[in-house]
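One structure is given here, and the rest of the page talks about it.
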Amino acid sequence: MKKVDILVLGAGIVGTSVAHALQKKGRHVTVLDKGAIGYGCSYGNAGWVTPCFAMPLPQPGMFWKSLGWLLDPESPLYIKPEFSTQLAKWLMYFTKSMTHKKMNQSIEVLAEISKESLKIYQELSQKHDFSFQQKGLLMVTQTNEGYKAAVEELELMALRGITGKKLTPDEIYKMEPSIKKNLLGGVYFPNEAHVEPLAAVEKMSQEVQNLGGTFLPFTEVFQIEAHKGDIKKIHTTRGVFEANLVVIAMGTWSQLLARQLNLSIPVMGGKGYSLIVKNFKNIPLHPMMLIEKKIAITPRKDSVRVAGTLELVRNDESISPRRVQAIIKGTQQFFDLPLDLDIQETWRGLRPCTPDGVPMIGFSNRYKNLFYCTGHQMLGLQSAPGSARLAEELISGTTPYVNPSPFNPNRF
Ligand SMILES: Cc1cc2nc3c(=O)[nH]c(=O)nc-3n(C[C@H](O)[C@H](O)[C@H](O)COP(=O)(O)OP(=O)(O)OC[C@H]3O[C@@H](n4cnc5c(N)ncnc54)[C@H](O)[C@@H]3O)c2cc1C
């Protein structure tokens with residue numbers, strides 16, 4: 001039996017950031033992962049650290065749209081019809097969260113933790129190279145509806161101090177000569193950043209280890225024993241652990257262990273794909289959101305990452321060729337792609353989605369040495385360090401820098 005101070009379950013960007021925040025404050029942190037560090041959902045995401053996208057998944061007006069999505073497997077958000085009480089409960093809460101009031105409350109705190117994260121990545125980039133670049137974010141559109149949505153986002157974010165500007169098609173063509181000349185306009189947020197996502201986790205974990213923390217990859221948790229309101233033992237494929245505090249940061253997989261402890265962690269997988277394309281005719285200069293297609297384009301050193309779609313699943317990690325094709329087709333509407341597209345990598349990841357789009361951060365009200373930091377939906381990379389700061393403040397009992405109530409993990 002190994003006795004440790006704080007045991008973090010999951011070495012994605014969230015678990016690693018929590019370890020970083022705690023280790024910096026002098027706690028002793030051990031982080032376990034069933035695989036290699038950073039190879040869950042944090043591995044191949046679009047790499048955006050864009051506070052201007054501090055939107056929760058449920059948004060007003062989505063209800064009718066989502067009925068249409070049930071029937072269209074190529075839609076940007078797809079909910080596969082299936083009978084499951086877990087899915088039914090999740091959808092009920094999701095639907096209830098589609099109000100303006102709830103969305104605005106969520107944006108308020110999501111923007112705060114995203115802005116804080118951007119600062120922390122900026123600091124980390126002074127010491128470590130994870131391709132942190134602050135070139136802003138371009139949202140481009142071919143339709144009036146898309147332009148209206150972009151301008152609404154611009155106005156909403158201006159209220160939170162995140163500024164951007166409207167662009168005409170000609171202004172966009174000057175900034176991005178590689179894009180097709182069929183745009184209606186767009187919006188540019190100049191302060192947003194992007195990174196190489198795996199490198200961000202790896203460099204953060206290196207920093208934790210420099211501060212004295214420990215990472216144990218290929219160590220899978222398969223049982224948690226609890227007794228009288230305390231987590232007693234964590235059984236892993238590499239021995240049994242005892243800890244003063246256990247932090248659940250297993251992304252989409254968090255809900256699997258929750259069942260053993262009779263806890264409610266309604267985190268569904270929001271499956272998405274990313275492709276690394278080697279031979280884009282010209283590498284775009286800025287990260288771009290193709291609004292109608294909800295496709296994210298991220299320039300890399302010698303290739304382009306194209307990411308998109310959200311398909312609600314439980315644990316299904318299969319790759320759908322149809323949805324991969326839908327991403328390629330959507331990208332072709334905005335860029336001239338070569339016919340012999342050289343795709344270096346096709347990846348899928350399960351975004352950990354809570355039904356109200358806000359992560360669960362806080363102590364369990366059932367087990368006093370159990371803390372949650374999970375459910376970061378589409379924003380896990382850009383909100384992990386800010387979430388970790390909140391986690392550290394709640395754990396050490398200092399005044400939190402952001403209102404912790406919306407994150408209360410016992411709300412479900
Ligand atoms: C296509 C796509 C694009 C995206 N783009 C962006 C973006 O641009 N910006 C952004 O902010 N977010 C983006 N996201 C979302 C982001 O990737 C996630 O929110 C984030 O990675 C979640 O991090 P996490 O640490 O919670 O989960 P994960 O990275 O999945 O980490 C959880 C870890 O827990 C481990 N684990 C699971 N079960 C066990 C067990 N039993 N024992 C031990 N370890 C276990 C897993 O191996 C895994 O490493 C995107 C997601 C997708 C799919």
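The figures that follow rest on heavy atoms only: side chains count, while hydrogens, waters and symmetry mates do not. Every number for a ligand or one of its atoms is a count from 1 in the order of the listing.
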Check each atom of ligand 1 against the heavy atoms of [X] and keep those under 4.0 Å away; list them by number with element.
X	result
Gly349	53 (C)
Ala249	32 (C)
Trp48	7 (C), 8 (O), 9 (N), 10 (C), 11 (O)
Ile13	23 (O), 25 (O)
Leu379	10 (C), 11 (O), 12 (N)
Thr219	43 (C)
Gly47	7 (C), 8 (O)

Give a yes or no on whether [X] atom [atom1] has more than 12 heavy-atom contacts from other residues, nucleotides or ligands under 6.0 Å away.
X	atom1	value
Lys278	NZ	yes
His235	NE2	yes
Lys180	NZ	yes
Lys228	NZ	no

Students should be able to answer this: which protein heavy-atom is nearest to [atom], and at what distance?
atom	value
atom 43 (C) of ligand 1	Lys34 N, 3.2 Å
atom 27 (O) of ligand 1	Gly251 CA, 3.7 Å
atom 25 (O) of ligand 1	Val14 N, 3.1 Å
atom 1 (C) of ligand 1	Tyr273 O, 3.4 Å
atom 12 (N) of ligand 1	Met378 O, 2.8 Å
atom 31 (O) of ligand 1	Gly12 CA, 3.4 Å
atom 30 (O) of ligand 1	Cys41 N, 2.9 Å

query = How does Gln377 reach ligand 1, if at all, at less than 4.0 Å between non-hydrogen atoms: by side chain, backbone, both, or neither?
reply = backbone

Distance-only N or O hit between ligand 1 and [X], under 3.5 Å:
X	value
Ser42	yes
Gln382	yes
Ala46	yes
Gly380	yes
Leu381	yes

ask   = Do any heavy atoms of Val49 fall under 4.0 Å from ligand 1?
value = no

Verify the distance criterion only: is there a donor paired with an acceptor across the side chains of [X] and [Y] at less than 3.5 Å?
X	Y	answer
Glu292	Thr141	yes
Gln382	Ser114	yes
Gln255	Asn315	yes

Looking at [Y], is its backbone amide N or carbonyl O close enough to the side chain of [X] to form a donor-acceptor pair, meaning the two atoms are under 3.5 Å apart?
X	Y	result
Asn410	Phe363	yes
Glu196	Ala200	no
Glu207	Leu124	no
Asn279	Asp340	yes

message = Can you list everything that forms a side-chain hydrogen bond (donor to acceptor under 3.5 Å, both in side chains) with Glu393? Sequence neighbours excluded, please.
response = Arg389

Using heavy-atom distances only, which candidate in [options] approaches [atom] most closely?
atom	options	answer
atom 16 (C) of ligand 1	Asp33, Ile295, Val8, Asn45	Asn45
atom 42 (N) of ligand 1	Thr236, Thr309, Ile37, Val221	Val221
atom 51 (C) of ligand 1	Arg351, Met250, Arg305	Arg351
atom 38 (N) of ligand 1	Phe222, Phe53, Trp253, Trp347	Trp253

inquiry  = So if I apply the side chain to side chain contact (heavy atoms under 4.5 Å, CB included) rule between Met288 and each of Met175, Glu176, Met139, which one comes out positive?
reply    = Glu176

query = Salt bridge or not for Glu116 and Lys119, using N-O below 4.0 Å?
reply = yes

remark   = Arg160 meets the salt bridge (charged side-chain N to carboxylate O under 4.0 Å, His left out) criterion, sequence neighbours left out, with Glu108

